[in-house]
Amino acid sequence: MSTAHATGIPLPPASGAWREGDPPGRRRWHVADKPLPLEAGGELPGVRIAFETWGRLSPDRSNAVLVLHALTGDSHVAGTTGPGHPTPGWWNGIVGPGLALDTDRWFVVAPNVLGGCQGTTGPAAPRPDGRRSWGSAFPFLTPRDQVAAEAESADALGIERWALVIGGSMGGMRALEWAVSHPDRTGALLLLATTAAASAEQIAWANIQLGAIRSDPHWHGGNYHDTGHGPDTGLGLARRLAHVTYRSEPELASRFGRSPQDAEHPWHGGRYQVESYLDHQAAKLVRRFDAGSYVVLSEAMNSHDVGRGRGGTRAALSRVTAPTLVAGVDTDRLYPLAQQAELAALIPTASHLRVIESPHGHDGFLTETEQVSALVKEILAVNH
Ligand SMILES: CC(=O)SCCNC(=O)CCNC(=O)[C@H](O)C(C)(C)COP(=O)(O)OP(=O)(O)OC[C@H]1O[C@@H](n2cnc3c(N)ncnc32)[C@H](O)[C@@H]1OP(=O)(O)O
Ligand SMILES: N[C@@H](CCO)C(=O)O
């Protein structure tokens with residue numbers, strides 16, 4: 001059900017503007033008072049950024065940490081499922097009282113990315129006239145636009161400077177853009193399983209995923225939100241393909257091998273276990289994610305190139321002044337370690353490359369709680 005408006009992925013509870021002292025995990029939002037100028041030209045009016053916070057902002061506002069989610073993640077970094085929260089917190093073992101990102105000490109802020117579908121303005125959101133969803137009229141975004149919108153929200157929260165900016169994968173692209181565009185506002189930086197620029201192969205995998213969505217007859221050129229049907233088949237195929245790239249070949253071999261799913265027989269119309277697993281991952285995403293957002297966010301990731309208009313990658317990365325840790329996952333076939341090695345080598349303030357050991361491939365930055373916790377503690381100790 002990728003028809004967020006038509007068939008109702010529940011939008012977050014209408015909780016309105018953030019107030020200091022809000023209880024942890026409450027979803028709030030900020031609406032920009034002027035249109036956002038976009039890197040590709042034009043502007044986006046009425047930008048709303050939904051976010052969640054944990055902990056308390058200190059009186060001197062020096063304890064704020066920005067956590068930036070990956071492609072199909074959202075602001076729900078910590079917590080349980082519930083209204084407006086289709087999944088449990090994706091870093092439940094890392095963010096919370098007494099955990100590596102200790103919310104008794106740090107004020108943690110997690111925005112939903114611009115272009116997404118969990119309360120922040122995206123293709124499924126109503127246009128400013130309120131009558132129809134944006135659909136195909138939603139503009140092309142880049143990570144720099146997404147960071148510009150997040151910076152405006154930080155202004156609204158009264159946060160001049162983040163003690164730490166963290167992101168993995170697509171979140172890492174934005175974290176990097178924060179450190180390059182706003183070195184004075186980025187106190188420290190943790191980059192996980194990300195890259196200085198989307199590679200040809202990453203763009204190629206995205207191309208197949210976007211092709212699957214766009215060739216679904218329910219896509220309607222992106223204008224399906226008010227039709228009652230979405231391109232669920234296409235989105236499901238995109239997720240299946242993406243999910244294989246998120247995991248490793250040895251993991252799939254050892255978890256599933258050639259086993260058939262329960263009593264199903266693959267020679268007689270049944271499925272292998274790995275096929276059933278992919279069907280499950282696809283169904284879960286289709287229930288909670290908007291296909292239009294998937295397209296907009298994938299295209300934004302494709303456009304990611306930190307060196308664009310800045311004299312190239314080396315020159316751009318030399319702007320980073322924050323103490324930085326860069327880590328990758330040893331089995332990541334989508335964002336291979338060479339990409340993080342480049343970041344660690346070219347960011348002048350970066351320590352040596354850290355390697356997360358995991359059978360889970362790219363998703364290791366989401367699943368390897370202990371190793372990621374150690375990295376979070378290490379970078380937090382640098383400045384504080
Ligand atoms: C914890 C969360 O849900 S995070 C939510 C936010 N999501 C994100 O940030 C990214 C999207 N999600 C993901 O990328 C992944 O789900 C991760 C990385 C968060 C979790 O990965 P893992 O914990 O390794 O989960 P894994 O890939 O093994 O999938 C487990 C699921 O597959 C199901 N599964 C396993 N084998 C099979 C099979 N043979 N047939 C069908 N389903 C199967 C499990 O029952 C389980 O289902 P559930 O998620 O509905 O409980
Ligand atoms: N599993 C992650 C990987 C993308 O980095 C997601 O779906 O967001």
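Read the numbers this way: they start at 1 and go in the same order the structure lists the ligands and their atoms. Counting begins at 1 with the first residue of the sequence. On a predicted model such as this, the values are computed, not experimentally measured, just so you know. Side-chain atoms are counted along with the backbone in the values below, which use heavy atoms only and exclude waters and symmetry mates.
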Legend entry - Top protein contact for atom 23 (O) of ligand 1, by heavy-atom distance: Thr367 CG2, 4.4 Å
Legend entry - Donor-acceptor pair between His352 and Arg354 side chains, under 3.5 angstrom: yes
Inset, instruction - For Leu366, take its heavy atoms, then give the atoms of ligand 1 lying under 4.0 Å from any of them. - result: 14 (O), 18 (C)
Inset, instruction - Please check if atom CZ in Arg255 has more than 12 non-hydrogen atoms from other residues, nucleotides or ligands closer than 6.0 Å. - result: yes
Inset, instruction - Heavy-atom distances under 4.0 Å are what count here, so tell me which part of Ser169 touches ligand 2: side chain, backbone, both or neither. - result: side chain
Inset, instruction - Evaluate the side-chain proximity of Asp145 to Phe140: yes if any heavy-atom separation is below 4.5 Å, no if none is. - result: no
Inset, instruction - Ignoring hydrogens, just give me the one of Arg247, Arg271, Gln281 whose non-hydrogen atom is nearest atom 22 (P) of ligand 1. - result: Arg247
Inset, instruction - May I ask whether His76 places a heavy atom under 4.0 Å from ligand 1? - result: no
Inset, instruction - May I ask you to list the atoms of ligand 1 that are less than 4.0 angstrom from any heavy atom of Arg255? - result: 26 (P), 27 (O), 28 (O), 35 (C)
Inset, instruction - Using a strict cut-off of 4.0 Å, indicate which atoms of ligand 2 neighbour a heavy atom of Leu71. - result: 8 (O)
Legend entry - Residue among Leu66, Leu68, Leu101 satisfying side-chain contact (heavy atoms from CB on, under 4.5 Å) with Ile166: Leu101
Legend entry - CD (Glu160) with more than 12 external heavy atoms under 6.0 Å: no
Inset, instruction - For Ala70 and ligand 1, answer yes if some heavy atom of the residue is under 4.0 Å from a ligand atom, otherwise no. - result: no
Inset, instruction - Find out whether Glu152 and His30 are in side-chain contact, i.e. whether some heavy atom of one side chain is under 4.5 Å from a heavy atom of the other. - result: yes
Inset, instruction - Could you tell me the residue and atom name of the protein heavy atom closest to atom 9 (O) of ligand 1, and the distance to it rounded to 0.1 Å? - result: Gly73 CA, 3.5 Å
Inset, instruction - For ligand 2, indicate whether the residue His69 contacts it via side chain, backbone, both or neither (heavy-atom separation under 4.0 Å). - result: neither
Legend entry - Glu264 vs Gln273 side-chain heavy atoms within contact, under 4.5 Å: no
Legend entry - Worked check of side-chain contact (heavy atoms from CB on, under 4.5 Å) between Leu237 and Ile213: CA-CA 8 Å; Leu237 284 171; Ile213 293 172; over 6 Å; no
Inset, instruction - Report, in ascending order of atom number, the atoms of ligand 2 lying under 4.0 Å from any heavy atom of Asp363. - result: 1 (N), 2 (C), 3 (C)
Inset, instruction - Tell me whether the centres of the aromatic rings in Tyr224 and His218 are closer together than 6.0 Å. - result: no
Inset, instruction - Examine the side chains of Arg310 and Thr313 and answer whether a donor and an acceptor come within less than 3.5 Å of each other. - result: no
Inset, instruction - Starting from atom 41 (C) of ligand 1, find the nearest protein heavy-atom neighbour and note its residue, name and distance. - result: Ser276 OG, 3.2 Å
Inset, instruction - Give the residue and atom name of whichever protein heavy atom lies nearest to atom 34 (N) of ligand 1, and the separation in Å to one decimal. - result: Tyr277 CD1, 3.8 Å
Legend entry - His360 N/O to ligand 1 N/O under 3.5 Å: no
Inset, instruction - Decide whether the shortest distance between a heavy atom of Leu366 and an atom of ligand 2 is less than 4.0 Å. - result: yes
Legend entry - The single option from Arg28, Glu52, His69 passing side-chain hydrogen bond (donor to acceptor under 3.5 Å, both in side chains) against Ser75: Glu52
Legend entry - 4.0 Å heavy-atom contact, Phe256 with ligand 1: yes
Inset, instruction - Taking the side chain as every heavy atom from C-beta outward, state whether Val109 and Trp54 have any pair of such atoms under 4.5 Å apart. - result: no
Inset, instruction - Find all atoms of ligand 1 within a distance of less than 4.0 Å from any non-hydrogen atom belonging to Thr87, and give their numbers and elements. - result: 3 (O), 5 (C), 6 (C)
Inset, instruction - Identify, by atom number and element, the atoms of ligand 1 in contact range of His243, meaning under 4.0 Å from any of its heavy atoms. - result: 27 (O)
Legend entry - Pair Tyr277-His243, side-chain donor/acceptor within less than 3.5 Å: yes
Legend entry - Ligand-residue contact atoms, ligand 2 with Gly73, heavy atoms, under 4.0 Å: 8 (O)
Legend entry - Thr72 neighbourhood, listing ligand 2 atoms whose heavy-atom distance to it stays under 4.0 Å: 6 (C), 7 (O), 8 (O)
Legend entry - ligand 2-proximal atoms of Gln281, by part, heavy-atom distance under 4.0 Å: neither
Inset, instruction - Indicate yes or no: does Arg240 engage Glu275 in a salt bridge with an N to O separation below 4.0 Å. - result: no
Inset, instruction - For atom 12 (N) of ligand 1, find the nearest protein heavy atom and state the residue, atom name and distance (0.1 Å precision). - result: Arg239 NH2, 3.6 Å
Legend entry - Modelled atom types, side-chain donor and acceptor of His76 and Asn112, under 3.5 Å: no
Inset, instruction - Give a yes or no on whether atom 7 (N) of ligand 1 lies under 4.0 Å from any heavy atom of the protein. - result: yes
Legend entry - Under 3.5 Å side-chain donor-acceptor pair for Thr142 and His304: no
Inset, instruction - Run the contact test for Glu275 against ligand 1 with a 4.0 Å cut-off on heavy atoms, strictly below, and give the result. - result: no
Inset, instruction - Output yes when Arg56 and Asp104 qualify as a salt bridge under the 4.0 Å nitrogen-oxygen rule, no when they do not. - result: no
Inset, instruction - Compute the minimum heavy-atom distance from His362 to ligand 2 and say whether it is under 4.0 Å. - result: yes
Legend entry - Per-atom contacts, ligand 1 versus Trp90 - under 4.0 Å to a heavy atom: 4 (S), 6 (C), 9 (O)
Inset, instruction - State the atoms of ligand 1, each with its element, that fall below the 4.0 Å cut-off from a heavy-atom position in Gln273. - result: 39 (N)
Legend entry - contact_flag Gln261 ligand 1 heavy-atom lt 4.0 Å: yes
Legend entry - His69 near ligand 1 by a heavy-atom separation under 4.0 Å: no
Inset, instruction - Answer yes or no for Arg288: is there a heavy-atom contact with ligand 1 below 4.0 Å? - result: yes
Inset, instruction - Could you list the atoms of ligand 1 found under 4.0 angstrom from a heavy atom of Thr72? - result: 10 (C), 11 (C)
Legend entry - atom 14 (O) of ligand 1 - nearest protein heavy atom and its distance: Asp363 OD2, 3.5 Å
Legend entry - Salt bridge present between Arg185 and Asp155 (N-O < 4.0 angstrom): yes
Inset, instruction - Determine whether the side chain, the backbone, both or neither of Glu251 has a heavy atom under 4.0 Å from any heavy atom of ligand 1. - result: neither
Legend entry - Protein contact to atom 33 (C) of ligand 1 [nearest heavy atom, distance to 0.1 Å]: His280 CD2, 3.5 Å
Legend entry - Beyond-backbone contact of Ser133 with Asp226, side-chain heavy atoms, under 4.5 angstrom: yes
Inset, instruction - Using the six-membered ring wherever Trp is involved, compare the ring planes of Trp178 and His182 and label them parallel, tilted or perpendicular (cut-offs 30° and 60°). - result: tilted
Inset, instruction - Show which atoms of ligand 2 fall inside a sub-4.0 Å distance from at least one heavy-atom site of Arg239. - result: 7 (O)
Inset, instruction - Considering the heavy atoms of Lys284, write down every atom of ligand 1 situated less than 4.0 Å from one of them. - result: 48 (P), 49 (O), 50 (O)
Inset, instruction - Tell me which protein heavy atom sits closest to atom 1 (C) of ligand 1, plus the residue, atom name and distance to 0.1 Å. - result: Pro88 CG, 4.1 Å
Inset, instruction - Considering only NZ, NE, NH1 and NH2 on the basic side and carboxylate oxygens on the acidic side, decide whether Asp184 and Arg161 come within less than 4.0 Å. - result: no
